[in-house]
Amino acid sequence: MTFLAGLVGSEVLAQAEAAAARRIKTADFAEPWTFDSFDWTFQPGLNVLLVKDLMNLHFIRQARPVLILGRPGTGKTHISIGYGHLACLAGYSVRFFTATKLLGLLYAALADATVDRLVARLAKVDLLIIDDLRHLPPKPEYASLFFDLVDARHGRKSTLLSSNLSVDAWGKVLGNPTLTAPLVDRLMDRAHVINIKRGRSWRTEGPNATPVDDRPDGILSADPS
């Protein structure tokens, strides 16, 4: 019986690992990053206690949003993917998009009248990660499309959004400050906010950064944007 139980246990473990691998592939993460490779000591402005507390994924079970704000290079994407990887291992469905790609997909779906279908499909994902909301050429439809998606998930599924912009600037990026207000209201409802204040850039100050003396003129040690 012990031998048979071992065989059954090995088969179950193999199936679980294969399923997790499929979820990770479907998530389409930009990088294969996990918290195992995250440098917890590099960022003095990071609320490490909050980041680690959210690693138990209670925000997904509670369908609460997570906002990660900070300068470029401060680890927002690494943290986002870290949560996504943990969620895949825990059995949750996950999708990762840059904000630029997601808005482009929603905008393109208007052309063939499939936007409702796309929003409905994304509304079912347990954790939707929207990475790097930044300055981009705005289109008047962006705010409405983004609102429809956030509203479809509000209170039902967890959305994680990262940005190097203040929340006040999102209206300009999306091209409709008036409609952006209720969008932000939904994203802030019961949200966990990881605000990396006075963040250091891993790209310019990390261990693999180009030495200051070798950089072209005009590149700062910390990104001020």
Side-chain angles (χ1 to χ4, degrees), residues 5-40 46 48 50-69 74-106 108-109 114-133 145-146 148-163 186-187 189-194 202:
L7 287 178
V8 172
S10 297
E11 179 64 21
V12 170
L13 178 60
Q15 291 177 358
E17 291 177 344
R22 288 194 296 271
R23 288 190 292 271
I24 291 171
K25 183 177 180 179
T26 299
D28 198 21
F29 298 124
E31 299 286 349
W33 291 332
T34 69
F35 282 115
D36 291 338
S37 60
F38 189 75
D39 187 343
W40 296 100
L46 180 66
V48 173
L50 175 58
V51 174
K52 289 188 173 182
D53 178 61
L54 294 178
M55 287 172 65
N56 67 25
L57 305 180
H58 55 75
F59 67 93
I60 299 179
R61 294 189 290 274
Q62 298 168 356
R64 296 177 65 171
V66 175
L67 304 182
I68 307 178
L69 308 175
T74 51
K76 301 184 301 297
T77 300
H78 195 147
I79 294 171
S80 300
I81 294 176
Y83 288 133
H85 188 268
L86 288 176
C88 288
L89 295 180
Y92 293 108
S93 59
V94 181
R95 290 300 308 272
F96 174 97
F97 296 94
T98 64
T100 302
K101 180 177 180 179
L102 180 60
L103 289 170
L105 289 173
L106 291 169
T114 60
V115 67
D116 289 343
R117 191 185 315 161
L118 177 58
V119 168
R121 186 165 71 248
L122 293 177
K124 298 177 182 178
V125 176
D126 293 322
L127 176 61
L128 178 64
I129 301 173
I130 305 171
D131 183 57
D132 196 20
L133 181 62
L145 291 168
F146 203 25
D148 288 345
L149 176 59
V150 170
D151 186 56
R153 296 180 56 80
H154 177 239
R156 302 176 182 88
K157 299 292 183 179
S158 181
T159 301
L160 189 158
L161 174 67
S162 71
S163 179
R186 283 160 175 74
L187 284 173
D189 182 26
R190 303 184 305 127
H192 296 286
V193 180
I194 300 171
W202 183 264

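All values reported here derive from a predicted model rather than from experimental measurement.
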Item to check | Residues I68, L160; criterion side chain to side chain contact (heavy atoms under 4.5 Å, CB included); working and verdict | outcome: CA-CA 8 Å; I68 307 178; L160 189 158; 3.9 Å; yes
Checklist entry - Just wondering, do L86 and M55 contact through their side chains at under 4.5 Å, heavy atoms? => result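 They are in contact (side-chain heavy atoms under 4.5 Å apart), so the answer is yes.
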Checklist entry - Can you find a pair of side-chain heavy atoms, one from V115 and one from D148, that are under 4.5 Å apart? => result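 Heavy-atom side-chain distance check fails, nothing below 4.5 Å.
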For a quick test of reading the model, state the closest non-hydrogen atom pair linking [X] to [Y] and the distance between them.
X    : Y    : value
T159 : R153 : OG1-NE, 2.8 Å
L149 : V119 : CA-CG1, 4.1 Å
H85  : F29  : N-CZ, 3.7 Å
T34  : H78  : O-NE2, 2.8 Å
L46  : I79  : CD1-CD1, 4.0 Å

Checklist entry - Stepwise, does the side chain to side chain contact (heavy atoms under 4.5 Å, CB included) test hold for T77 with E31? => result CA-CA 9 Å; T77 300; E31 299 286 349; 5.8 Å; no
Checklist entry - Taking the six-membered ring where the residue is Trp, are the ring centres of W33 and F38 under 6.0 Å apart? => result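 Judged by ring-centre distance (under 6.0 Å), W33 and F38 do not meet the cut-off.
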Item to check | Atom pair CD1 (I81) and OG (S37), whose distance is rounded to the nearest 0.5 Å | outcome: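 Rounded to the nearest 0.5 Å, the CD1-OG separation comes to 9.5 Å.
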Next on the checklist: Within this structure, what is the CZ-NZ distance for the pair R22 and K25, rounded to the nearest 0.5 Å?
Outcome noted: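 Result: 10.5 Å between the selected atoms.
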Pair up each side-chain donor or acceptor in residues 88-99 with any protein partner under 3.5 Å, not counting sequence neighbours, and list the distances.
{"from": "S93", "atom 1": "OG", "to": "D126", "atom 2": "N", "distance (Å)": "2.9"}
{"from": "S93", "atom 1": "OG", "to": "D126", "atom 2": "OD2", "distance (Å)": "3.2"}
{"from": "R95", "atom 1": "NE", "to": "T26", "atom 2": "O", "distance (Å)": "3.2"}
{"from": "T98", "atom 1": "OG1", "to": "K101", "atom 2": "N", "distance (Å)": "3.1"}

Item to check | Full working for side chain to side chain contact (heavy atoms under 4.5 Å, CB included) between D151 and R186 | outcome: CA-CA 7 Å; D151 186 56; R186 283 160 175 74; 2.8 Å; yes
Could you go through residues 56-66 and list every donor-acceptor pair under 3.5 Å that involves a side-chain atom there, pairing it with any protein atom two or more places apart or in another chain?
{"from": "N56", "atom 1": "OD1", "to": "H58", "atom 2": "N", "distance (Å)": "2.9"}
{"from": "N56", "atom 1": "OD1", "to": "H58", "atom 2": "NE2", "distance (Å)": "3.4"}
{"from": "N56", "atom 1": "ND2", "to": "D53", "atom 2": "O", "distance (Å)": "3.1"}
{"from": "H58", "atom 1": "NE2", "to": "D53", "atom 2": "OD2", "distance (Å)": "3.1"}
{"from": "R61", "atom 1": "NH1", "to": "N56", "atom 2": "O", "distance (Å)": "3.1"}
{"from": "R61", "atom 1": "NH2", "to": "N56", "atom 2": "O", "distance (Å)": "3.2"}
{"from": "Q62", "atom 1": "OE1", "to": "R64", "atom 2": "NH1", "distance (Å)": "3.4"}
{"from": "R64", "atom 1": "NE", "to": "R190", "atom 2": "O", "distance (Å)": "2.7"}
{"from": "R64", "atom 1": "NH2", "to": "R190", "atom 2": "O", "distance (Å)": "3.1"}

Checklist entry - For L161 and V150, what are the C-alpha separation, side-chain angles and deciding distance, and is it a side chain to side chain contact (heavy atoms under 4.5 Å, CB included)? => result CA-CA 11 Å; L161 174 67; V150 170; over 6 Å; no
Item to check | Given I130, L133, D132, L67, the one that forms side chain to side chain contact (heavy atoms under 4.5 Å, CB included) with S163 | outcome: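 Running side chain to side chain contact (heavy atoms under 4.5 Å, CB included) over I130, L133, D132, L67 with S163 returns exactly one hit, L133.
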